[in-house]
Amino acid sequence: MKVLVPIKRVVDYNVKVRPKSDGSDADLANLKMSINPFCEIAVEEAVRLREKGAVTEIVAVSIGMQQSQEQLRTALALGADRAILISTDLAVEPLAIAKCLKALMDSEKPDIVLLGKQAIDGDNNQTGQMLGAFTGYAQGTFASELTLEDGRAVVKREVDGGLQTVSLELPAIVTSDLRLNEPRYASLPNIMKAKRKPLDTMTPEELGVDVSPRTQLINVRLPAERVAGIIVEDVATLVDKLKNEAKVIS
Amino acid sequence: MALDQETLEQLLSTVRRFVSQRLMPLEAQVDEEDRIPPTVVSEMRELGLFGLTIPQAYGGLGLNTEEECRVIMEIGLTSPAFRSVFGTNNGIGSQGIVMDGTEEQKNHYLPLLASGDVIGSFALTEPDVGSDSGAVKTKAVKEGDHYVLNGTKRYTTNASSAQLFTVFARTDASEPGARGVSAFLVDANTPGIVLSEPYKKMGQKGAHVCDVTFDDCRVPQANIIGGPDRLNKGFETAMKTLDRGRIHIAALSVGCARRLIDTSVTYAVERKQFGKPIAEFQLLQGMIADSQAECYAAECMVIDAARRRDAGLPATMQASCCKLFATEMVGKVADRAVQIHGGAGYMEEYAVSRFYRDVRLFRIYEGTSQIQQSIIARNLIRAAR
């Protein structure tokens with residue numbers, strides 16, 4: 001069984017991001033970049049499935065600039081067998097990514113596409129669902145548990161108000177939630193071996209996909225700074241302030 | 001072969017993450033309990049930390065000196081006791097075999113040391129033999145194809161967890177100096193090995209040292225490092241491992257200094273006196289700046305000496321310069337860190353207080369500061385004659 005794991009290069013989750021001074025975008029110059037945490041969870045899950053003998057091949061793929069190779073190497077160090085970079089300098093959006101993945105799936109023919117539910121930079125939470133729509137495959141999003149049995153994928157989903165379990169016909173699209181697993185540290189020997197694993201590069205054009213953006217970024221700014229609160233004397237004052245100052249109740 | 005920049009960076013960021021997420025949160029517990037949780041030791045094994053310097057052909061990473069130093073600077077950001085777990089396997093516990101071992105010894109021991117399945121321990125120091133390490137009194141007397149070892153080794157790091165000892169013993173009783181000493185690989189299960197209770201140390205709780213007594217311990221002559229051909233050349237082997245070990249300790253000192261500076265600056269920015277953060281007072285800024293400048297100087301020295309060694313240039317004097325400067329530096333940085341913390345810095349619950357105790361050892365082991373001074377001066381004077 002083959003698993004395709006799409007991953008994204010994002011600003012490391014420990015880094016505090018600030019807008020550029022002209023507000024045109026987030027300032028990403030010289031920041032530490034990492035594999036998106038949800039993608040890392042997806043890679044880990046694929047590796048665990050292979051360790052259980054359910055999966056035979058793991059292919060990591062990333063769509064983005066050339067430097068995304070670094071994150072693909074991380075995926076290879078964690079246990080992916082080979083990697084593909086779909087290289088473009090354009091800022092790719094979920095729709096374009098889903099189209100590229102669909103085109104890649106036509107040749108790779110994976111049994112499962114296992115990807116993060118969202119990336120921590122754009123927080124779009126769209127790629128998996130869009131890919132489900134393009135392919136017509138069953139999808140299990142926000143997975144907190146994934147098991148393969150009798151040729152089906154059983155996904156425990158984190159939904160509002162609890163957990164929902166769905167059984168998906170393969171091939172299927174599964175997106176990982178935070179609690180699916182806790183990723184391992186890539187061992188140092190595996191980091192060194194990752195360099196020798198195959199990493200192929202192609203372009204969106206070769207896949208016949210137009211990745212030019214459909215949306216326009218207008219402005220990026222910091223949220224308004226919070227001012228210090230006050231302690232009110234009694235409930236009556238609180239209600240009064242909520243009504244007349246904050247105007248959140250009427 | 002040196003790693004490419006990308007792989008090295010990935011290696012370092014993995015170690016950095018392991019240090020900050022797994023080791024740092026355990027520091028106080030390890031200090032309190034004088035014990036490193038076995039699960040963490042297993043994680044260190046899985047990560048590959050035991051085989052940093054062991055060649056790839058024998059299951060290690062085969063890092064060169066510079067790469068090793070960069071990894072160790074990351075490890076230095078947390079309690080040195082953690083490094084001690086795998087320190088001997090990467091240094092004095094394995095390098096003798098790497099440099100002078102027979103092919104058979106390398107094939108047998110190095111993969112076990114690289115994986116961490118075997119912990120190596122280095123038994124040189126004795127009750128009467130400290131800095132004068134050539135004056136080893138432990139005796140090894142030949143009986144057939146074995147040697148019988150008798151004597152006591154002092155302050156032996158990791159002895160209680162070791163499966164393998166590198167023991168230095170006098171094989172030529174007529175030669176009182178370094179030329180009569182051989183290095184033996186001794187299995188910890190050999191009958192006649194007795195360990196003392198661990199010493200109660202000033203710092204580095206969690207890392208254990210004790211005395212090891214050899215009482216009629218029979219060791220095959222094939223276990224001389226390098227085989228019987230290297231009889232009476234054990235001290236030479238010991239000395240060869242030292243250059244790299246000294247640069248390693250200097251790199252560790254740089255790591256600890258970085259942590260101390262970082263902790264002090266964070267504290268100084270938060271702590272308020274006279275209505276403003278103490279970081280705004282120039283006398284404090286002076287301490288912070290001196291610490292940073294000295295730490296940076298040590299870092300540059302370490303990298304330069306490591307590169308010289310990797311390039312095959314003589315580096316003994318440079319290694320001693322690094323060990324001397326960096327370990328003295330971290331002593332000063334730790335002292336300032338406590339000072340910046342004021343009364344809090346004297347309390348055990350603050351990391352700087354623990355580091356202050358921990359780093360004191362660096363100026364003593366693997367050659368005291370005074371021994372480093374002697375080596376440096378001797379090299380210069382010899383050149384002038």
Side-chain angles (χ1 to χ4, degrees), chain A residues 7 9-16 30-37 39-41 43-44 47-48 51 60 62 64-80 83 85 87 120 178 181-199 201 228, chain B residues 1-24 39-64 67-68 70-72 74-75 77 82 86 89-90 110-111 113-117 262:
Chain A
I7 60 164
R9 172 186 170 91
V10 297
V11 176
D12 188 83
Y13 71 97
N14 284 309
V15 174
K16 198 169 174 185
N30 301 318
L31 294 186
K32 178 175 165 50
M33 305 297 281
S34 293
I35 182 170
N36 174 45
C39 302
E40 193 176 7
I41 291 170
V43 176
E44 173 68 30
V47 174
R48 289 186 188 190
E51 284 168 352
S62 190
M65 54 218 281
Q66 199 64 27
Q67 291 93 318
S68 300
Q69 280 193 19
E70 291 167 20
Q71 283 62 46
L72 286 169
R73 292 278 174 215
T74 305
L76 292 169
L78 285 168
L85 172 65
S87 173
I120 60 168
L178 197 63
N181 60 53
E182 196 181 324
R184 71 194 67 193
Y185 295 92
S187 79
L188 307 184
N190 284 345
I191 291 171
M192 289 168 66
K193 283 177 200 147
K195 194 74 191 176
R196 296 194 286 271
K197 289 184 178 176
L199 195 163
T201 303
Chain B
M1 197 190 72
L3 294 176
D4 60 282
Q5 196 55 39
E6 190 192 321
T7 307
L8 179 62
E9 193 39 59
Q10 198 144 63
L11 210 85
L12 294 176
S13 71
T14 302
V15 174
R16 201 173 298 147
R17 202 167 118 189
F18 181 71
V19 165
S20 66
Q21 292 180 349
R22 294 291 296 133
L23 304 185
M24 282 184 182
T39 51
V40 176
V41 178
S42 303
E43 287 173 38
M44 288 173 170
R45 280 199 188 97
E46 281 161 26
L47 203 58
L49 289 173
F50 285 85
L52 299 173
T53 62
I54 293 172
Q56 289 188 28
Y58 304 103
L61 295 185
L63 299 187
N64 66 24
E67 291 156 356
E68 175 197 359
R70 292 197 187 276
V71 171
I72 295 305
E74 299 294 339
I75 296 286
L77 294 176
F82 290 115
F86 56 86
N89 277 36
N90 282 301
L110 292 181
L113 289 163
S115 64
D117 290 329
D262 184 54

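Residue numbers begin at 1 in each chain, while the letters A, B, ... track the order of the sequences.
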Fill in: A/Leu188 and B/Val15, any side-chain heavy atoms less than 4.5 Å apart
yes
Worksheet item: How many angstroms lie between atom CD1 of A/Ile191 and atom CG of B/Leu8, to the nearest 0.5 angstrom?
Response: 10.0 Å
Practice prompt. Measure the spacing between CE of A/Met33 and OG of B/Ser13 and express it to the nearest 0.5 Å.
Written response: 13.5 Å
Worksheet item: Just how far is it from atom CD of B/Gln10 to atom CZ of A/Arg73, taken to the nearest 0.5 Å?
Response: 9.0 Å
Worksheet item: Near A/Glu182 CD, under 6.0 Å, is it more than 12 heavy atoms from other residues, nucleotides or ligands?
Response: no
Worksheet item: When heavy-atom pairs shorter than 4.5 Å are enumerated against chain B, which of A/Glu40, A/Gln69, A/Lys32 gives the highest number?
Response: A/Glu40
Item to complete: Taking the side chain as every heavy atom from C-beta outward, state whether A/Arg184 and B/Glu46 have any pair of such atoms under 4.5 Å apart.
Response: no
Worksheet item: Is there side-chain contact between B/Gln56 and A/Met192, with heavy atoms separated by less than 4.5 Å?
Response: yes
Fill in: Over all atoms of both residues, closest heavy-atom pair of A/Pro189 and B/Gly48
CD-CA, 4.1 Å
Response to the item:
In terms of heavy-atom pairs under 4.5 Å with chain A, the winner among B/Leu61, B/Asp4, B/Thr14 is B/Leu61
Worksheet item: What pair of heavy atoms forms the shortest contact from B/Gln21 to A/Tyr13, and how long is it?
Response: NE2-OH, 2.7 Å
